[in-house]
Amino acid sequence: MKYDHKLVEKKWQDIWDEAHCFEAENGGEKQKFYALVEFPYPSGQGLHVGHPRSYTALDIVARKKRMQGYNVLYPMGWDAFGLPTENFAIKNHIHPAEVTKKNVARFKSQLKSLGLSFDWSREINTTDPNYYKWTQWIFLQLFKKGLAYKKEMSVNWCTSCKCVLANEEVVNGVCERCGSEVVHKTKSQWMLAITKYAQRLIDDLDDVDFIERVKVQQRNWIGRSTGAEVDFKTTEGDTLTVYTTRPDTLFGATYMVISPEHPAVEKWADKLKNIDAVRAYREEAARKSDFERTELNKDKTGVQLDGVSAINPVNGREIPIFVSDYVLMGYGTGAIMAVPAHDDRDWEFAKKFGCEIIEVVSGGEDVQKAAFTAKDETGILVNSDFLNGKTVKDAIPAMIAWLEEKGIGRAKVQYKLRDWVFSRQRYWGEPIPLVYCEKCGWVPIPEDQLPLTLPDVESYEPTENGESPLAKMTDWVNTTCPCCGGPAKRETDTMPQWAGSSWYFLRYMDPHNDKALASKEALAYWSPVDWYNGGMEHTTLHLLYSRFWHKFLYDIGVVPTKEPYAKRTSHGMILGENGEKMSKSRGNVVNPDEIVDTYGADTMRLYEMFIGDFEKAAPWSPKSIKGCRRFLERVWGLAEKVQEGDAYSKQHEVLMHRTIKKVGEDADNLKANTAIAALMTMLNEFYDKGVNKAEYMTFLTLLNPFAPHITEELWQQMGGEGLLSIAPWPTYDEAKTVEDTVEMAVQVNGKLKCTIKLPVDCDKQTAIDTALAEEKVKNAVAGKEMVKQIVVPGKIVNLVVR
RNA sequence: GCGGAUGUGGCGGAAUGGCAGACGCGCUAGCUUCAGGUGCUAGUGUUCGCAAGGACGUGGGGGUUCAAGUCCCCCCAUCCGCACCA
């Protein structure tokens, strides 16, 4: 019989469905194992060949764990709120919910066609009111604890669409949709205080098994730095506080700079003789597009405040204050002390504006020619009174101590991480469950009234003034205050795409619960996720956001663990055949449906795993995929050559035990490529030397997690009992993974001369004697003095001669 | 600029400091075939040599070691983040 993948795959997918064999139980005797992959955004384009790379990798882990007797939870769902759906809805006048439904149906059938062992009874959808009820509930808890707050904020504003854009929607400073200029506009936004968790988000990385690059990227993103705040008095009697990581250089501070948006500008407006020029500079900075702001090697610009100067607290010197956009309002205090001798940016500015450059750390070149920024022991303080002679390392704490004693400064830890802008002026997102009452302010909707569902609207277009489409729904907007009963207005902004995905893994644990986001028992049983795989692009977004929400839920006693994920890995991208990123415009997109249709899901799975190192990007190769199909054809063809035998034959014993070990270990370490290579080697041996039933059945079992359909079919044809997918995983005997006789390499002076066969436990002298008996070795050592003889049992003999 | 990663045949890629190139693709020759495709067999790092055999070889240069793709130092290239973060 010929291998017909369509017949085989459909047959077994139906059988698995009916047997419910991949459904997890909450509780029971077995040990739990929770494997998770990032749930997809069901886009209109359908599944990308990149999706199955991650899904198959953890499917292999999940299937193997299941065969090893674990209670495995491997769920799937839909992260379905988002812009593309909304835009499609606007363009085609279809309700986003309809679009979502269609896309989900397509994605689901595509995923099913791949034979992934998801527990579909736990399928979730972030746009389902029964789901987003709990997203809203979590938001309300954040609000009640003061971690959600409203703030005037500079946002990206598309001048043509007249709407607010997320950072991700701004590409090279222009609108992703229409290509128009994007400028900054101040709007009132809901914010989440993720910065309150900054330190814990760093610290707890020590307790989880995340791949190192994820940890590094998160730490860098949070961007912890230590230094000091210093209060400067102005000539007008005000105080200007700066943050610096180099308090040791305070004696070298020859001017100050404040950000154009710094409140002091308006506060001191009366005292500034050139307030018009300062305001003009501020307006100009605000008008700058992101494109201009990200331009490399920008020239320093600025305006000196005329009428107010500052006093350097260590030496009483009067120093000028400038406004410049190289100082950012969003970091530190929005003001700096400038030390041009020891900071590149300050140096550049000082050169342009003619500020004084005073060396306070010696050890570098002439500070008039370049700033000396080294912080190591090479720098010794000079021109700094009580700090003179100290190293930078010692001078920093000494200065902080001095500042604290005088009450004009203090040690300070800063983070680059900003609070999370949580508002979107969009329709297709979770409504923010708050109302605004003139008397009571922002009031949460009572929890028993959740979910606050999205109203039906006629059009999803953003309004002229950049408000959410919901703002036009006056019937919906106007409501009564739950607190005082007076008139109130609903918040019309919705939550960002990242909201629903920040806690979805908890919902899988107990997806149909209508009393809580999940029961205490379910949370206690399944937490934490044992293994989470996802893309690097989510490291500083979804992954960080969900860790933050989880920590918050832990603090309020909802979840039992500090961290949501015990282990995090990441897959490399699958590139187009030409080595470039797959995209419609590049015309290098591979359609997974076509691959499944032509070669079958098993070939597709095998190929995606065999394509290369899981963590690295790999180009698609239509030729290589044929090799995987060929392998499965040979697996199929071997069935008729199988001989009787219910134990491993002597000739294959070592191969069997060794391969069981290798495949098991590789599957646990995301090394599917080498596991498959080992299975190919095994198959080649079988073709070469014959195979018996016991050996073939073990082979099918080992291959099952990788190619589940064909192996189920062959298992059945060979008379295997029950479903192979839940059959026990084979075991091996370590002692039987090594041959009795091994081939050892013989080197003379490190150069390979020949190989010799010896018993595995043979002693060193025998190995040396055997090696010396070889003709080539004899010739190589003839007439030379033996200096050293090295024997590594089972590996190598190296004879050193002179 | 800062941070991270990567560099191995024609290609994707293997190698606890111990025979570099497993496995697959491709290619070459032979068999099968009217032919194409499939399948099977053998070969396939470079180079010198008729051959036996030798020399060279993991981005480049040094070093440690009996032995280095692997460890250490310096340099180069590519990719990915972040980017005036004081």
Side-chain angles (χ1 to χ4, degrees), chain A residues 211-217 219-221 223-225 227-228 242-247 249 253 256-257 259 293-300 324-339 342-346 348-349 373 414-418 536-537 539-540 572-573 579 606-607 610-613 615-628 630-631 633-634 637 671 673-684 687 743-756 776 779 787-801:
Chain A
I211 48 170
E212 199 52 31
R213 55 194 174 127
V214 167
K215 290 190 181 184
V216 167
Q217 215 168 299
R219 284 195 196 105
N220 288 347
W221 184 260
R224 183 183 199 268
S225 79
V242 302
Y243 170 71
T244 178
T245 55
R246 294 293 302 276
T249 61
M256 297 183 80
V257 186
S259 150
R293 283 190 181 225
T294 54
E295 285 250 85
L296 286 160
N297 301 324
K298 270 181 314 201
D299 259 354
K300 293 278 181 289
S324 173
D325 65 359
Y326 85 90
V327 173
L328 311 171
M329 195 56 226
Y331 184 78
T333 61
I336 61 158
M337 63 178 214
V339 185
H342 305 292
D343 181 280
D344 290 323
R345 296 149 303 180
D346 296 346
E348 207 183 301
F349 187 92
T373 57
Q414 273 292 334
Y415 304 92
K416 287 189 204 171
L417 185 71
R418 312 288 166 80
M536 280 308 287
E537 70 275 17
T539 302
T540 53
M573 235 192 298
L606 219 45
Y607 173 63
F610 195 59
I611 195 166
D613 185 330
E615 299 214 345
K616 284 193 220 148
W620 186 266
S621 162
K623 277 178 181 163
S624 293
I625 198 166
K626 286 188 180 155
C628 292
R630 198 137 53 200
F631 168 67
E633 300 267 10
R634 278 160 60 78
K671 296 249 175 217
N673 55 336
T674 47
I676 294 165
L679 289 166
M680 286 172 166
T681 305
M682 190 182 221
L683 185 75
N684 291 342
Y687 263 95
E743 198 170 73
M744 286 177 69
V746 180
Q747 298 178 337
V748 175
N749 286 349
K751 296 220 182 275
L752 182 70
K753 289 298 164 195
C754 65
T755 59
I756 50 177
K776 283 186 188 170
N779 294 341
V787 180
K788 206 166 181 179
Q789 297 167 328
I790 287 129
V791 179
V792 181
K795 295 259 161 116
I796 208 158
V797 176
N798 191 9
L799 306 172
V800 186
V801 294

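The analysis underlying the following values was restricted to heavy atoms, covering all of them including side chains, and did not include hydrogens, waters or symmetry mates.
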Check: Expressed in angstrom and rounded to an integer, what is the separation of A:Met682 atom CE from B:G24 atom P?
Finding: 15 Å
Margin query: Roughly how many Å apart are B:G4 and B:G49, using the C1' atom of each and rounding to a whole number?
Written below: 49 Å
Show me the protein contacts with nucleotides 63-72 of chain B, counting only N or O atoms at under 3.5 Å.
{"from": "B:C66", "atom 1": "OP1", "to": "A:Lys788", "atom 2": "NZ", "distance (Å)": "3.3"}
{"from": "B:C66", "atom 1": "O2'", "to": "A:Asn798", "atom 2": "ND2", "distance (Å)": "3.3"}
{"from": "B:C66", "atom 1": "O2", "to": "A:Asn798", "atom 2": "ND2", "distance (Å)": "2.7"}

Margin query: Suppose you measure atom P in B:G18 against the same atom in B:A52; what distance do you get, rounded to whole Å?
Written below: 31 Å
Next item on the list: Decide yes or no for A:Arg246 and A:Asp343: does some side-chain heavy atom of the first lie under 4.5 Å from some side-chain heavy atom of the second?
Entry: no
Note to self: Classify A:Thr540 by what it touches in the nucleic acid, base, sugar-phosphate, or nothing, heavy-atom distance under 4.0 Å.
What the structure shows: nothing
Checklist line | Nearest-nucleotide 5' precedence on RNA chain B, A:Ile336 against A:Met744 | finding: A:Met744
Note to self: Using a heavy-atom cut-off of 4.0 Å across all strands, would you classify A:Asn684 as base, sugar-phosphate, or nothing?
What the structure shows: sugar-phosphate
Next item on the list: Starting from C1' on B:A42, measure out to OH on A:Tyr687 and report it in whole angstrom.
Entry: 19 Å
Next item on the list: Only counting residues at least two apart or in another chain, list the ones meeting side chain to side chain donor-acceptor pair (under 3.5 Å) with A:Thr540.
Entry: none
Item checked: Pairing partner (Watson-Crick or G-U wobble, both distances under 3.5 angstrom) of B:G17 -> none
Notebook entry, point to check: So what does A:Glu212 touch, heavy atoms closer than 4.0 Å: a base, only the sugar-phosphate, or nothing?
Noted result: nothing
Note to self: For the P atoms, the ones on B:C11 and on B:C75, what distance do you get once it is rounded to whole angstrom?
What the structure shows: 29 Å
Notebook entry, point to check: In Watson-Crick or G-U wobble terms, both distances under 3.5 Å, what is the partner of B:C79?
Noted result: B:G4
Check: How far, in whole Å, is B:C25 from B:U38 if one measures between their P atoms?
Finding: 11 Å
Next item on the list: Please tell me which of A:Trp221 and A:Gln414 maps to the more 5' nucleotide of RNA chain B, matching each residue to the nucleotide holding its nearest heavy atom.
Entry: A:Trp221
Next item on the list: Return the set of residues passing side chain to side chain contact (heavy atoms under 4.5 Å, CB included) with A:Val339 (not counting sequence neighbours), or none when no residue passes.
Entry: A:Thr249, A:Ala253, A:Met337, A:His342
Margin query: Using the ring pair (Phe, Tyr, Trp, His ring centres under 6.0 Å) criterion, which residues pair with A:Trp221? Sequence neighbours excluded.
Written below: none
Next item on the list: Take atom CG of A:Asn779 and atom C1' of B:G54, then tell me their distance rounded to the nearest Å.
Entry: 13 Å
Margin query: Checking A:Lys671 now: which residues fulfil side chain to side chain contact (heavy atoms under 4.5 Å, CB included) with it, not counting sequence neighbours?
Written below: A:Asp666, A:Asn669, A:Asn673, A:Thr674
Check: So A:Asn684 and A:Arg634, side chain to side chain contact (heavy atoms under 4.5 Å, CB included) or not? Walk me through it.
Finding: CA-CA 9 Å; A:Asn684 291 342; A:Arg634 278 160 60 78; 2.8 Å; yes
Margin query: The criterion is side chain to side chain donor-acceptor pair (under 3.5 Å); which residues satisfy it with A:Glu537, sequence neighbours excluded?
Written below: none
Checklist line | Contacts of type ring pair (Phe, Tyr, Trp, His ring centres under 6.0 Å), residue A:Phe349, not counting sequence neighbours | finding: A:Tyr255, A:Phe322, A:Tyr326, A:Phe353
Check: Reckon A:Lys215 touches a base, only the sugar-phosphate, or nothing at all at heavy-atom distances under 4.0 Å?
Finding: nothing
Checklist line | Partner residues of A:Arg224 under the side chain to side chain donor-acceptor pair (under 3.5 Å) criterion, sequence neighbours left out | finding: A:Gln199
Check: A:Asn749 side chain to A:Lys751 main-chain N or O, any donor-acceptor pair under 3.5 Å?
Finding: no
Check: Within less than 4.0 Å of OP1 or OP2 of B:G26, is there a side-chain N or O belonging to A:Arg630?
Finding: yes
Note to self: Distance check needed: B:A86 P versus A:Tyr415 OH, whole Å only.
What the structure shows: 13 Å
Next item on the list: Apply side chain to side chain contact (heavy atoms under 4.5 Å, CB included) to A:Val216 and list each qualifying residue two or more places apart in sequence or on a separate chain.
Entry: A:Glu212, A:Asn220
Item checked: Heavy atoms of other groups near A:Met329 CE, more than 12 under 6.0 Å -> yes
Item checked: Contact under 4.0 Å: A:Arg213 side-chain N or O vs B:G3 OP1/OP2 -> no
Item checked: Base paired to B:G37 (Watson-Crick or G-U; both N/O distances under 3.5 angstrom) -> none
Check: Looking for any heavy atom pair under 4.0 Å, which part of the strands does A:Lys623 touch: base, sugar-phosphate only, or nothing?
Finding: sugar-phosphate
Next item on the list: Assign A:Val327 to base, sugar-phosphate, or nothing according to its heavy-atom contacts below 4.0 angstrom with the strands shown.
Entry: base
Check: Within the structure shown, what part of the strands sits under 4.0 Å from A:Thr755 by heavy-atom distance: base, sugar-phosphate, or nothing?
Finding: base
Check: Is there a Watson-Crick or G-U wobble partner for B:C56 with both distances under 3.5 Å, and if so, which one is it?
Finding: B:G45
Notebook entry, point to check: Tell me: NZ of A:Lys416 to P of B:A86, nearest whole Å?
Noted result: 6 Å
Next item on the list: Begin with the C-alpha distance, continue with both residues' side-chain angles, and end with the deciding distance and a verdict on side chain to side chain contact (heavy atoms under 4.5 Å, CB included) for A:Thr244 and A:Ile336.
Entry: CA-CA 7 Å; A:Thr244 178; A:Ile336 61 158; over 6 Å; no
Margin query: Students often get this wrong, so: under 4.0 angstrom with heavy atoms, is A:Arg224 touching a base, only sugar-phosphate, or nothing?
Written below: nothing
Please enumerate all protein N or O atoms sitting under 3.5 Å from an N or O of nucleotides 12-16 of chain B, with distances to 0.1 Å.
{"from": "B:G12", "atom 1": "O2'", "to": "A:Ile611", "atom 2": "O", "distance (Å)": "2.4"}
{"from": "B:A14", "atom 1": "OP1", "to": "A:Asn673", "atom 2": "ND2", "distance (Å)": "3.3"}
{"from": "B:U16", "atom 1": "O4", "to": "A:Lys795", "atom 2": "NZ", "distance (Å)": "3.1"}

Item checked: Nucleotide nearest A:Tyr331 when distance is taken to its side chain, options B:A86, B:C19, B:C23 -> B:A86
Note to self: Looking at B:C11, which nucleotide sits across from it as a Watson-Crick or G-U wobble partner, both distances under 3.5 angstrom, or is there none?
What the structure shows: B:G24
Check: Rounding to the closest angstrom, what is the interatomic distance between B:U28 and B:G37 at atom P?
Finding: 11 Å
Check: Distance between the C1' atoms of B:G45 and B:G69, in whole angstroms?
Finding: 15 Å
Notebook entry, point to check: Distance between the P atoms of B:G10 and B:U44, in whole angstroms?
Noted result: 15 Å
Margin query: Please report the distance separating the P of B:G39 from the corresponding atom of B:G24, rounded so that it comes out in whole Å.
Written below: 13 Å
Find every protein N or O atom lying less than 3.5 Å from an N or O atom of nucleotides 43-50 of chain B, and list the pairs.
none

Next item on the list: Check whether any side-chain N or O of A:Tyr326 sits under 4.0 Å from OP1 or OP2 of B:A86, and answer yes or no.
Entry: no
Next item on the list: Can you tell me the distance, in whole Å, between the NZ atom of A:Lys626 and the C1' atom of B:C25?
Entry: 11 Å
Margin query: What's the separation between atom CZ in A:Arg213 and atom OG1 in A:Thr539, rounded to the nearest 0.5 Å?
Written below: 8.0 Å
Margin query: How many whole angstroms separate atom NZ of A:Lys753 from atom P of B:G53?
Written below: 11 Å
Next item on the list: Could you list the residues that satisfy side chain to side chain contact (heavy atoms under 4.5 Å, CB included) with A:Pro622, not counting sequence neighbours?
Entry: A:Glu577, A:Trp620
Next item on the list: Check the distance between B:C40's P and A:Leu683's CG and give it to me in whole angstrom.
Entry: 10 Å
